[in-house]
Every structure is written in C-alpha cells, then in structure tokens.
There are 2 protein chains.
Amino acid sequence: MKNAPPSETGLSAQIAQSIRDAIVSGDLPVDERLPSEAELSDQFAVSRSTVREALKRLAAQSLIRTQRGATGGAFVNRLTFEDAYGQQITTSALLLSMNAVDFDTACEARFALERACAPLSATRRTADHLATMRAEITRQAQPGLSDESFCASDVAFHRALVDGAGNPVLSYQLAGAVEAIEPLMNMITFTARSRTHIVGLHTAIADALEAQDATKVDALLADLATYTAQLGRSVADSKKTPA
Amino acid sequence: MKNAPPSETGLSAQIAQSIRDAIVSGDLPVDERLPSEAELSDQFAVSRSTVREALKRLAAQSLIRTQRGATGGAFVNRLTFEDAYGQQITTSALLLSMNAVDFDTACEARFALERACAPLSATRRTADHLATMRAEITRQAQPGLSDESFCASDVAFHRALVDGAGNPVLSYQLAGAVEAIEPLMNMITFTARSRTHIVGLHTAIADALEAQDATKVDALLADLATYTAQLGRSVADSKKTPA
DNA sequence: AGACGTTTAAATGTCTGACAAATGAAAAAT
DNA sequence: ATTTTTCATTTGTCAGACATTTAAACGTCT
C-alpha cells in the first residue's frame, strides 16, 4: 500500500484508489484488517477526516466494512453475488434512465442475453425453478393485477429462468439486464389481451423447459422478444400522436 | 429529499441513501446542483463532516461530481456508459477472485453471453470493427508476444466483436464478462500450438462476420469456448499433480 | 481455579472551528 | 468599454475534542 502517484484529483480519492488497488491486486486479502484511521493518517500524511472520506468511498463500493470497538476497524469485505446484484441493478437502471436508452435497444439486449442462457437452463433447471415459474404464471393470470405487479411478476419469472442455468456469474450479469428494464416496462399498459398472450408464451416456455427442449425455449423467447418490442412500439406511437 | 427513515447504519450512509433515492427517482435531475454542504448540514441536522462523508459515498458511485469555487458544489452526474464499464469490470473481477469462481463457470458465462450478440454483430458490424479484429489477430500471431499481451489482445478482439452488435447496453453488460475473465486467462500458458489454434479460430470468426454468416460465427464461438475450457482444465490438472 | 462484574484501552462515529484554495461575479480602475 | 481588483461562496483539508462501542484485561468472590 504505497503512496499513490500524484494526481489532480482530491487526496481522499487518491488514497481510496491506493487502497482499492491493494485489494484488487490481492495484496490485501479478504477479511484482512486495514490499519486504523489514525495509522492511515500517519502513513499517508493526511488528516483523519481525509482518510475517513477515502474509507467511505470504499465502503460505498462494498469493498470494505467497518466495525466499532476495541478490535474494530475496517476489514476487506468479501464481495458477495448479492452485493453485486444490487449495484448492478442500480447502475443499469440509472444508465437506462439517464441516457435515454430507447425501449427497443434495452429490449434487444435483454432478450439476447436471456436467450444465451436458455439452453443451459433447459438442461439444468430444477423442480424449484419450474415451480417458481408456474407460480408467477398463476399470479400473472389473475384479473385484478396492477400493471406494476404484472411487471414485477414478469421479472420474477425471467429471473427464475436465468437462475435455472445454474451459473451464478450468468445470473449476476443478467440481473442488471432483466431488472433494470422493469421501469421501462412499467410504462406499458398491459391490456387483457396482451396479458393473455404473454401468459400463454410463459406457459409454453415453462413447458419447454420442463421438457428440456432448448430449441423450443429459444424460439419462444424470440417470439416473446418480438411481441414485447411490438408492445413498446405501440406505446411510443401513441405518445407521438396523443390526439 | 426528506429525512431518511431511522436505521441501524451510520448517519452518513443514511444521508447518502436519502440523496441516492432522490437521484434514482428522478427527483434530482441530471446536472442539478445539490444544496451546499453547509445547507445540507442544516437540513439533515448533522455536521458538515457527516455530510461530506455521505457525498463521498455518492461520488464513489459516480452519482455526483463536485466543483470548487463560488458557483461550485455537488452536481448530479450523468452516468455514462464508460463510467459504468469501469465499475462493472472492477466489480466482476473482484467477484470472480473473491468467490473462487472456477474457470469453467466463468468461461461458460462469458461465451454464452458473447454468443448472444454474435448474430447481431454479424448483421451490424462495421468496417471499423472488422479492421480492429484483423489488427488484433495480426498482433496475436507475432512470435515474441508475452502471455499477458496475448490475453489483452484477445480481450480487445472480443470487445470489437461485442461492440459490433451496435447495442451499447449489450456492450456494457458484456464488458464485465469479457474483461473480468482476463486475470483468470492470464494464468494460462499459451503454447505456440494453442496460439496458432486460437488465431485460426479468430481469423475464421472475422471471416464469418465479414460474410455476415451468423450461424458460422456461432459455431466457431462454440468451438472457441470448448477449446478455451479445455486449456483451462489442463492448467488445473497440472496444478493438481505438480510433480 | 473458575465465574462474574468492573475497569480500561482502542477504535470508529460525530461535532466544532478553523484555514487554504479555487472560482465566478461584482466592483473598481483605467 | 475593457481590464483589473476585490470579494463572497464553496469545496478541500486540517486539528482537536468528545461520544459510543467493543473486547480484552483486571479483580473479586465463591
């Protein structure tokens, strides 16, 4: 953990980067205790406030956790898949909303990625995954459901599909793609007819997964992608000509 | 930006979350100036240090940027795809290294995702993307190249393939998958023969992309996935029986 | 010796006040 | 009208203090 090379950014950012490098490079292993704030102040020759700001930066990235008390301090945090999910979803959602990503682009990305893990899911999905999907399909078929709840259930359905691939790295990557699109989907008004259509496709997908028919799952997902894009386009059109 | 509900975490974390919510919900639009640190101190009834720690947390996530001077302050930052790339790559790399994700799993995820955008890339790749891939192939064929440089060039090749899909959301998602695996790939010793094989596949992939033959690209990527996994497995085996 | 309560030291969390540095705007001088 | 100077505002950094939490060290009693 040597002194960072001089830069134009603030001191706390430099110190944070210096420690971050030590963590990423494995120099500071998981659960290792960092020097106390006072010691870091000495090492980097800055005040304790500056050190604290640097540590807060790292904490915001879940790179460290802090504990109070006699044996407390800052410890290198084991980044869990769950931690990473959360960050991914927040970041993806902001990216989409702040950069005016159109529905088509987001939709295309989402289904392309989802189709990537369909064959794996067809092979490895467990009874649990199938049960989750069936349960969400049942909920989606209920008449009184709000559009928001319908979307949330849709996300849950697709997450089960993705998780069925049994690859946590894939699940992590897909979490952003699938969940971040939810706000965009929420702008769609799902008519009774479109819901029926989607539920039908979901059912067919679950059936195909149960039958381990990867080809059919892929084809059905392609259908769903086309249909969803079409729904999105109709919303965009109706906005262009509101009268 | 109302006061956060009481929680067990620190004050600065609560304040950061409060502001974060305001940003994510769109309550604070991009480029909006936050109240000055002194004003935030008053609003949240905490000291300026605490406010600063909260702001540093947000800065670490690229949610805000700060500027000094009379008209300075903290501004809501437009999260760019580039910002998101960086975070994704760091997070993914840490996830892999800290959770002992095996090479097979990471490899499977990477190629599954990459194959997802192959058909799009076959349709949309520009001359630029093809030129980048050809250039990297040329570099990969040079004899004196270190394993690290070979890997770096490999990453550049695949990034060009992914970027060829012309979907920034896909590129963002894939950046983590492709780049984060580089450290794992770096542990592989690429013999002259394996390099020749890989370069051959890369050339075939570039040819197929130029011919816009999506089916062939997919098949070749499958081959490359199999071959890479095989290389990784041989490294793992030789480690088990070092004598 | 062992169990139990007390003290104590170490560490983070928070507050206060101060000064430095940057920066744009207003005021002043030319 | 233009340039220069001054000035107020805001972030960046520092120093010191106190509160709070926590586990270890210590002492006491059985």
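Sequence lines set the chain letters: A, B, ... in the order given, protein chains first and strands last, and positions in each chain run from 1.
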Find the distance [X]:[atom1] to [N]:[atom2] and express it as a whole number of Å.
X: A:E37; N: D:dT20; atom1: CD; atom2: C1'; result: 14 Å
X: A:I15; N: D:dC14; atom1: CD1; atom2: C1'; result: 13 Å
X: B:E39; N: D:dT9; atom1: CD; atom2: C1'; result: 11 Å
X: B:R52; N: D:dT11; atom1: CZ; atom2: C1'; result: 6 Å
X: A:F75; N: D:dT22; atom1: CZ; atom2: C1'; result: 11 Å
X: A:L11; N: D:dC14; atom1: CG; atom2: C1'; result: 11 Å
X: A:R65; N: C:dA11; atom1: CZ; atom2: C1'; result: 15 Å
X: A:E53; N: D:dG12; atom1: CD; atom2: C1'; result: 8 Å

Closer than 4.0 Å, any side-chain N/O of [X] to the OP1 or OP2 of [N]?
X: B:T50; N: C:dC15; value: yes
X: A:S47; N: D:dC14; value: yes
X: B:S36; N: D:dT9; value: no

What is the distance from atom [atom1] of [X] to atom [atom2] of [Y], rounded to the nearest 0.5 Å?
X: B:L95; Y: B:Q88; atom1: CG; atom2: CD; value: 9.5 Å
X: A:I181; Y: A:H158; atom1: CD1; atom2: NE2; value: 9.5 Å
X: B:F150; Y: B:R139; atom1: CZ; atom2: CZ; value: 12.0 Å

Within 45 degrees of the axis of the six-membered ring of B:Y85 and under 6.0 Å from its centre: does B:R159 put its NZ or CZ there? yes
Nearest-nucleotide 5' precedence on DNA chain D, A:S12 against A:A70: A:S12
Between the base of D:dT20 and the side chain of A:R68, is there a donor-acceptor distance below 3.5 Å? yes
Mind checking if B:S49 touches a base, just sugar-phosphate, or nothing, with heavy atoms under 4.0 Å? base
Scan B:R33 against the nucleic acid and name what it touches under 4.0 Å (heavy atoms): base, sugar-phosphate only, or nothing. sugar-phosphate
B:R48 side-chain proximity, nearest of C:dG24, C:dT12, D:dT11: D:dT11
Do B:D147 and B:N186 come close enough that some side-chain heavy atom pair is under 4.5 Å? no
